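Bear in mind that the values here come from a model prediction, so they are computed numbers and not experimental data.
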Amino acid sequence: MTAMTLLKLPIVVCLLALLALLLLLVKRSRMSRGQEGSAAGRAGIKPWLLAPAFLAVAAAFTVSVLLGRSTGQEAASNGESLGPGIYARYQGRIYMNIGGQGEYLLPDADAASFGPFPDHELDSRNIGRDRNVVYCGSQAIAQLRPEQVRFVGHGYISDGSHAWYCTWEKDNAAYHWWQDILNRRDEDSPEKPRFRDYVLVPLESVHAADLKIVNAAYAQDGVHAYYEGRLIAGADGASLQTVKVTSGQDHPEGYTDDHYVRDDRHVYFDGVPLPEAHPATFFAFMPDSDQWNTRYGLDKATGQFYAGATPFPAKVDGVDSSALHLLIADRDRANHELFYNASGIWFWDYQDQALKRGCESPFAGTPTMVSSGIWTDGRHAFFSRTIDDWRNGRNDKSLAARKTQLWMLPDARLTKVADLPGKNGNVRGTLWKGGAQLYFAPSIGQNYFLHDALYLVRNEEGLKRDLLTDHYYVTIFKSEDVERLDSSDSTVVCRMSSDYPSMWAFWK
């Protein structure tokens, strides 16, 4: 433990003690306010009593941070970049960068000879070498000499006899929150905390000379299979291959997935075998417009869906949830992926990681999607609506829930009137007719603040004119060309919600 760390220990103890006192005062204040009519309730804890504790906590934290800083905190970021990767040379030393954490010194690297592998700069962005040593991040690969390196690809390297996998930034199991307070944080210090780091994984039982990339983090040597350098027990390397993605707007035919693979016997997700999945009939799919790397699988032979490696259950709360069909997978139109069967409409709650039922089935027949987020069952029409519910507390403006609603237009048989062009001739939406009423289905969704898949048309000519403007998704509402459907002409038949914890949930 360094002298700087010893100096900071009393500050940390005081900081924690003052924080505990502050929380106790707040808790007692809450309790006293709850005693209505009592003397304690009328007295409470005066707000001015909290001010000294708060200022003391802030001062102790500031001193702790200042003690942990160095005048050279950003020195390496001004150095010479070595290729397209993570390494830089500065004042005769080599530094590496971890995204969001800054620069870290490689104390034993030879700066004069350090660099990427010239013929493999893209494969070696997180792998460097000097005249003696090969590095994964800042970790030296003891058994590997630079002249022996054979690049397999996607972080896999070999010397013909051994093989390793160098990950991109991953959560660091050795990191603890208190290191940010106790340890020095300047870039030249070996104590600088790393909550994420590059990890070197030696491959077990590998036939290194035969190692080949399958897809992204998967590799095989003709016998064994690996995911992120870890041996996949029981997998057949010789037959390991990619899994196709079912076609969608964002994923054209022939697209393959980075997370699912299969051999002759099993399907795997991030190296984990899927129970009872048939490799020959298994496909992956991803929601359109998804930003969260969401992955689903479908065994078309059995109709079984998977969320990642988790199979959907056959029953939920005693209700049959088997034999599901996909209703929609488009995050621009729905905040959830929706499924249906005779028992109702179902959704995967990504917050609780569970399949849930949104409602009983509202369909009179088999639903047919006529446009993204719009369906007809031969009698009624249905459309989706997305809602982001934000808290409005004085000290909490966080996201409370993401919701998807399914609305029904009773006895509406929609017929297509025309596609409506925009400024450059591209289609910006479709005009539909149901009875005597016109409806507008925009070609974009909530990413442009259009939270409904279908709108009521109030001014057809104004709508056509305003679709030719650059910001038509705002103009059509300001000009009152369209308006949202409400309970006077439609009905909410299904509600789906994923709840998010309050930013103060840890205190409750």
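Taking a 6.0 Å sphere around OH of Tyr175, one finds it holds more than 12 heavy atoms contributed by other residues, nucleotides or ligands. With a 6.0 Å radius and a threshold of 12 heavy atoms from other residues, nucleotides or ligands, Lys397 has its NZ atom above the threshold. Heavy atoms of other residues, nucleotides or ligands lying less than 6.0 angstrom from CG of Asn293 number more than 12.
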Ring pair (Phe, Tyr, Trp, His ring centres under 6.0 Å) between Tyr455 and Phe440, worked out: CA-CA 5 Å; Tyr455 293 90; Phe440 173 63; 7.1 Å; no
Test ring pair (Phe, Tyr, Trp, His ring centres under 6.0 Å) applied to Phe282 and Tyr260, step by step: CA-CA 10 Å; Phe282 190 89; Tyr260 287 108; 5.2 Å; yes
Tell me, with the steps shown, if His336 and Tyr350 meet ring pair (Phe, Tyr, Trp, His ring centres under 6.0 Å). CA-CA 8 Å; His336 302 85; Tyr350 35 78; 5.1 Å; yes
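For Arg458 and Glu480, the salt-bridge test fails: no basic side-chain N is under 4.0 Å from an acidic carboxylate O. With respect to the salt-bridge test (charged N to carboxylate O, under 4.0 angstrom), the residues Glu204 and Arg230 do not qualify. Between Arg379 and Asp411, at least one side-chain nitrogen of the basic residue sits less than 4.0 Å from a carboxylate oxygen of the acidic one, meeting the salt-bridge criterion. A salt bridge between Lys423 and Asp470 is present, with a side-chain N of the basic residue lying under 4.0 Å from a carboxylate O of the acidic one.
The line from CG of Leu298 to NE2 of His325 is 10.5 Å long, rounded to the nearest 0.5 Å.
In this view, His259 and Phe269 satisfy the ring pair (Phe, Tyr, Trp, His ring centres under 6.0 Å) rule, not counting sequence neighbours.
In this structure, Phe383 and Trp407 have parallel ring planes: the angle between them is below the 30° cut-off, well short of the 60° mark. Ring orientation note: the planes of His120 and Phe151 are close to parallel, at an angle under 30° on the 30°/60° scale. Note: Tyr296 and Phe339 have perpendicular aromatic rings, judged against thresholds of 30 and 60 degrees for the angle between ring planes.
Checked against the 6.0 Å centroid threshold, Tyr227 and Tyr268 do not count as a close aromatic pair.
Within the 3.5 Å criterion, the main-chain N or O of Ala314 finds a donor-acceptor partner in the side chain of Ser321.
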